[in-house]
2 protein chains.
Amino acid sequence: MESELNTGVLLFLPYRALENRVFAALAEAGFNDFTPAQARVMQRIAPDGTRLTELAEQAQVTKQTAGFLVDQLEKAGYVTRVPDPTDRRARLVRGAEKAWAAKEVADAVVAEVEREWEEHLGKRRMRQLREALILLREITDPWQT
Amino acid sequence: MESELNTGVLLFLPYRALENRVFAALAEAGFNDFTPAQARVMQRIAPDGTRLTELAEQAQVTKQTAGFLVDQLEKAGYVTRVPDPTDRRARLVRGAEKAWAAKEVADAVVAEVEREWEEHLGKRRMRQLREALILLREITDPWQT
DNA sequence: CAAATTAGTCAGAGAGCCTGACTAGTGTCA
DNA sequence: TGACACTAGTCAGGCTCTCTGACTAATTTG
């Protein structure tokens with residue numbers, strides 16, 4: 001229900017297709033020891049580390065959930081936690097070597113899929129699509145890094 | 001990680017923003033007795049009913065999961081199950097009155113959000129966005145009803 | 001009609017995510 | 001400077017979602 005072709009569904013379909021491709025490629029490359037939920041958190045880690053609370057907000061889960069997921073990522077060797085020099089309560093979650101390696105694989109697949117999309121849409125439409133989405137982000141992304 | 005602004009993320013952000021708005025509005029209207037997972041299944045129910053297996057495929061979950069979710073929707077009064085006249089093994093999941101009422105609320109919010117987006121992007125860009133997404137669906141939606 | 005397939009259920013388990021309650025460190029301001 | 005409000009993160013417990021595996025009943029195929 002909820003209408004046959006609203007823009008929401010149209011946005012979701014290609015997103016999911018892309019995500020599926022990325023996960024399949026990661027699994028094939030041997031990165032099969034993390035879950036989609038963990039990946040969603042991992043995506044948000046800044047190059048110089050990010051606080052747990054911030055990660056939780058951006059991934060739209062509670063601090064507890066984020067903490068749990070980071071625990072697992074830490075065990076699997078994807079991230080480390082280091083003390084935040086500016087606040088002794090906090091710790092920074094940092095990506096480890098393994099995480100950057102996985103990111104490289106993921107990025108390659110994303111680039112490949114984007115090429116396929118561009119081929120299907122044509123250069124002009126692809127540009128228009130990205131342009132519209134980037135504009136849309138202004139009113140739909142509360143974090144807007 | 002997974003790159004700073006790939007098209008996937010750009011697609012996801014407005015999708016999630018829209019979904020959040022719809023859920024908030026439904027909750028406010030008193031439809032707070034179903035979960036996102038249940039909604040994802042409910043969305044796929046055709047006006048004249050849909051089989052469980054088909055629902056499961058489209059929502060990308062197992063038959064068991066779909067069955068579980070439909071059970072709950074049935075208990076909450078959103079759907080009913082009727083025998084499929086063409087196959088005595090199967091039953092059709094049908095939306096009940098309550099589901100159509102919820103759909104009306106949801107549709108109204110979607111329309112409202114789409115108006116807001118159009119206002120932000122301008123008519124031309126909004127049209128281009130939808131055009132590109134509809135084209136993209138051809139290569140990213142395996143069900144393509 | 002026997003064999004293979006398909007619709008759906010039952011049982012059990014693990015992951016994900018939440019609420020509530022808590023500890024420890026930080027900022028504010030009288 | 002010391003009480004108070006706030007923020008970072010953890011602990012405990014529980015509910016929801018989703019899966020795998022095994023099964024029954026009806027349908028299709030050869």
Side-chain angles (χ1 to χ4, degrees), chain A residues 16 19-20 23-24 26-27 31-46 48-76 78-94 143, chain B residues 16 19-20 23-24 26-27 31-46 48-76 78-94 143:
Chain A
R16 188 175 60 183
E19 194 180 65
N20 287 346
F23 262 91
L26 284 169
F31 298 106
N32 52 5
D33 53 349
F34 63 87
T35 66
Q38 290 164 29
R40 240 162 282 140
V41 166
M42 209 167 14
Q43 270 185 30
R44 312 286 183 159
I45 299 174
D48 47 345
T50 307
R51 288 194 191 171
L52 187 64
T53 303
E54 206 175 326
L55 244 34
E57 270 176 20
Q58 293 191 14
Q60 302 210 334
V61 297
T62 58
K63 291 185 292 177
Q64 294 88 324
T65 299
F68 177 76
L69 295 171
V70 169
D71 280 349
Q72 309 204 306
L73 287 169
E74 200 172 14
K75 256 177 228 150
Y78 286 101
V79 307
T80 58
R81 291 199 240 217
V82 300
D84 184 335
T86 70
D87 189 335
R88 262 188 297 167
R89 289 169 305 180
R91 288 192 288 167
L92 292 174
V93 178
R94 277 211 150 95
W143 292 279
Chain B
R16 187 175 61 184
E19 193 181 66
N20 286 346
F23 262 91
L26 284 169
F31 298 106
N32 52 5
D33 53 350
F34 65 85
T35 65
Q38 290 165 28
R40 240 163 281 141
V41 167
M42 207 167 15
Q43 269 183 31
R44 312 288 182 155
I45 300 174
D48 46 345
T50 307
R51 289 194 191 170
L52 187 63
T53 302
E54 206 175 326
L55 243 34
E57 269 175 21
Q58 294 191 14
Q60 302 209 333
V61 297
T62 58
K63 291 185 294 178
Q64 293 89 325
T65 299
F68 175 77
L69 295 171
V70 169
D71 280 350
Q72 309 203 306
L73 287 168
E74 199 172 17
K75 256 178 227 151
Y78 286 101
V79 307
T80 58
R81 290 199 240 218
V82 301
D84 184 333
T86 71
D87 188 335
R88 262 188 297 166
R89 289 169 304 179
R91 290 192 288 168
L92 293 173
V93 178
R94 278 211 151 95
W143 291 280

Short side-chain N/O contact to dC17(C) OP1/OP2 from Thr62(A), under 4.0 Å: no
Arg40(B) CZ to dT16(D) P, straight-line distance once rounded to whole Å: 16 Å
Integer-rounded Å distance: dG9(D) P and Leu55(A) CG: 9 Å
The helix from dC1(C)-dG30(D) to dA30(C)-dT1(D): angle between end helix axes, five pairs per end, rounded to 10 degrees: 30°
side-chain contact (heavy atoms from CB on, under 4.5 Å) between Arg16(A) and Gln60(B), intermediate numbers included: CA-CA 11 Å; Arg16(A) 188 175 60 183; Gln60(B) 302 209 333; 3.5 Å; yes
Chi angles and distances behind the side-chain contact (heavy atoms from CB on, under 4.5 Å) call for Lys63(B), Thr53(B): CA-CA 6 Å; Lys63(B) 291 185 294 178; Thr53(B) 302; 3.8 Å; yes
Nucleotide nearest Thr65(A) (side chain, heavy atoms from C-beta), chosen from dC17(C), dT9(C), dC17(D): dC17(C)
Whole angstrom value for the distance that separates P of dG14(C) from CZ of Phe34(A): 22 Å
Minimum-distance nucleotide to Phe68(A) side chain [options: dG8(C), dG16(C), dC18(C)]: dG16(C)
Minimum-distance nucleotide to Arg51(A) side chain [options: dA7(C), dG9(D), dG16(C)]: dG9(D)
Rounded interatomic separation in angstrom, taking CG from Asp33(B) and P from dC15(D): 18 Å
Contact state string [nucleotides 23-30 of chain D, B base, S sugar-phosphate only, - no protein heavy atom under 4.0 Å]: --BBS---
Chi angles and distances behind the side-chain contact (heavy atoms from CB on, under 4.5 Å) call for Tyr78(B), Met42(B): CA-CA 8 Å; Tyr78(B) 286 101; Met42(B) 207 167 15; 3.8 Å; yes
Minimum-distance nucleotide to Gln64(B) side chain [options: dC18(C), dG21(D), dG8(C)]: dG21(D)
Atom-pair distance (CG on Asp71(A); P on dA15(C)), nearest Å: 14 Å
Side chain of Arg91(B) (C-beta onward), nearest among dC17(D), dC19(D), dG8(C): dG8(C)
Leu73(A) side chain near Gln38(A) side chain, heavy-atom distance below 4.5 Å: yes
Upstream residue (5' side of DNA chain C) when Val61(A) and Thr53(B) are each assigned their closest nucleotide: Thr53(B)
Worked check of side-chain contact (heavy atoms from CB on, under 4.5 Å) between Phe31(B) and Phe23(B): CA-CA 9 Å; Phe31(B) 298 106; Phe23(B) 262 91; over 6 Å; no
Interatomic distance, Lys75(B) NZ vs dT16(D) C1' [rounded to whole Å]: 12 Å
Residue of the set Arg89(A), Arg51(A), Arg94(A), Arg91(A) for which salt bridge (charged side-chain N to carboxylate O under 4.0 Å, His left out) holds with Asp84(A): Arg51(A)
Nearest non-hydrogen partners of Asn32(A) and Ala27(A), listed with the distance: CB-CA, 4.2 Å
Below 4.0 Å: OP1/OP2 of dG16(C) and any side-chain N or O of Thr35(A): yes
The single option from Leu69(A), Val93(A), Val61(A) passing side chain to side chain contact (heavy atoms under 4.5 Å, CB included) against Leu55(A): Val93(A)
Spacing of Gln38(B) atom CD relative to dC17(D) atom C1', expressed in whole Å: 10 Å
Gln72(B) CD - dT16(D) P separation (whole Å): 7 Å
4.5 Å side-chain heavy-atom contact, Arg81(B) and Val70(B): yes
Side chain to side chain, Thr50(A) and Leu92(A), heavy atoms closer than 4.5 Å: no
